[in-house]
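To start, the structure itself, in structure tokens.
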Amino acid sequence: MDQSGRVTVTVVRGEDHSQLLVGAGGNLLLAMVRAKLPVDFACTTGKCATCRLRIEAPPGSANEPSETERYRLGADWAAGMRLSCQVYVTGPLTVWLPTGGQGVSR
């Protein structure tokens, strides 16, 4: 976390790597939408599971998946998948965006 209370999120899309600064405790999906990153979503509540992304979050860098998120993701959550709308950033982490498609903001 920097002095202004922002956390660095590394965003990987194919061969491209970029940095996104998110306020500590901020919602990952909303931060990516504000940054105009190509992320798909439909509901922002975890019910549609459209915003599923692979995330590498060291311990303490994000909240733990809720029971609802684990249910929606099935076994994928154990493989590093999370619903970006349910992730609250508290430390540095890395997300992988899909390389195909434009992303859908609704």
Side-chain angles (χ1 to χ4, degrees):
M1 183 176 342
D2 70 11
Q3 292 179 350
S4 65
R6 296 179 300 173
V7 176
T8 301
V9 173
T10 301
V11 179
V12 180
R13 186 169 187 219
E15 297 297 318
D16 296 328
H17 292 67
S18 59
Q19 305 292 312
L20 173 64
L21 293 175
V22 179
N27 180 270
L28 180 60
L29 174 64
L30 295 179
M32 292 190 303
V33 168
R34 281 188 210 111
K36 299 185 186 318
L37 291 171
V39 58
D40 290 335
F41 70 98
C43 74
T44 72
T45 62
K47 293 184 180 186
C48 73
T50 305
C51 65
R52 149 190 333 240
L53 296 172
R54 185 172 71 125
I55 296 176
E56 182 180 289
S61 290
N63 59 308
E64 292 293 320
S66 67
E67 285 185 38
T68 300
E69 186 178 6
R70 289 178 189 212
Y71 172 77
R72 296 285 180 211
L73 289 171
D76 285 347
W77 78 266
M81 299 299 281
R82 294 285 308 265
L83 301 179
S84 61
C85 71
Q86 299 299 298
V87 174
Y88 293 90
V89 180
T90 54
L93 53 86
T94 303
V95 300
W96 281 263
L97 295 178
T99 55
Q102 295 288 327
V104 177
S105 298
R106 296 186 186 130

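Bear in mind that the values here come from a model prediction, so they are computed numbers and not experimental data.
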Problem set entry | Distance (rounded to the nearest 0.5 Å) between Asn63 CG and Asn27 CG | 9.0 Å
For this session: Evaluate the side-chain proximity of Gln86 to Thr68: yes if any heavy-atom separation is below 4.5 Å, no if none is.
Result: no
Exercise. Looking at side-chain heavy atoms only, is the closest gap between Val11 and Trp96 below 4.5 Å?
Worked result: no
For this session: Would you check if Val12 and Val95 make a side-chain contact, meaning some heavy-atom pair closer than 4.5 Å?
Result: no
Problem set entry | Flag side-chain contact, heavy atom, 4.5 Å: Val39 against Ser84 | yes
Exercise. Rounded to the nearest 0.5 Å, what separation is found between the CG atom of Asp40 and the SG atom of Cys51?
Worked result: 9.5 Å
Exercise. Side-chain contact, heavy-atom cut-off 4.5 Å: Glu69 with Met81?
Worked result: no
Problem set entry | Minimum side-chain heavy-atom gap Pro92-Val9 below 4.5 Å | no
For this session: Of all the heavy-atom pairs spanning Ala31 and Val22, show the shortest one and how long it is.
Result: CB-CG2, 3.7 Å
Problem set entry | Atom pair CG (Leu93) and OG1 (Thr8), whose distance is rounded to the nearest 0.5 Å | 9.5 Å
Problem set entry | Thr90 side-chain N/O to Gly25 backbone N/O, donor-acceptor pair under 3.5 Å | no
Problem set entry | Leu21 and Val7, any side-chain heavy atoms less than 4.5 Å apart | no
Problem set entry | Between CG on residue Asp76 and CG on residue Leu53, distance to nearest 0.5 Å | 12.0 Å
Problem set entry | Min side-chain heavy-atom separation Glu56-Thr10 under 4.5 Å | no
Exercise. In Å and rounded to the nearest 0.5 Å, what is the CG to CG distance from Leu73 to Leu83?
Worked result: 4.0 Å
For this session: Would you check if the side chain of Arg82 reaches a backbone N or O of Arg54 as a donor-acceptor pair within less than 3.5 Å?
Result: no
Problem set entry | Gln19, CD atom: more than 12 neighbouring heavy atoms under 6.0 Å | yes
Exercise. Nearest 0.5 Å, what's the NE2-OG1 distance between His17 and Thr94?
Worked result: 8.0 Å
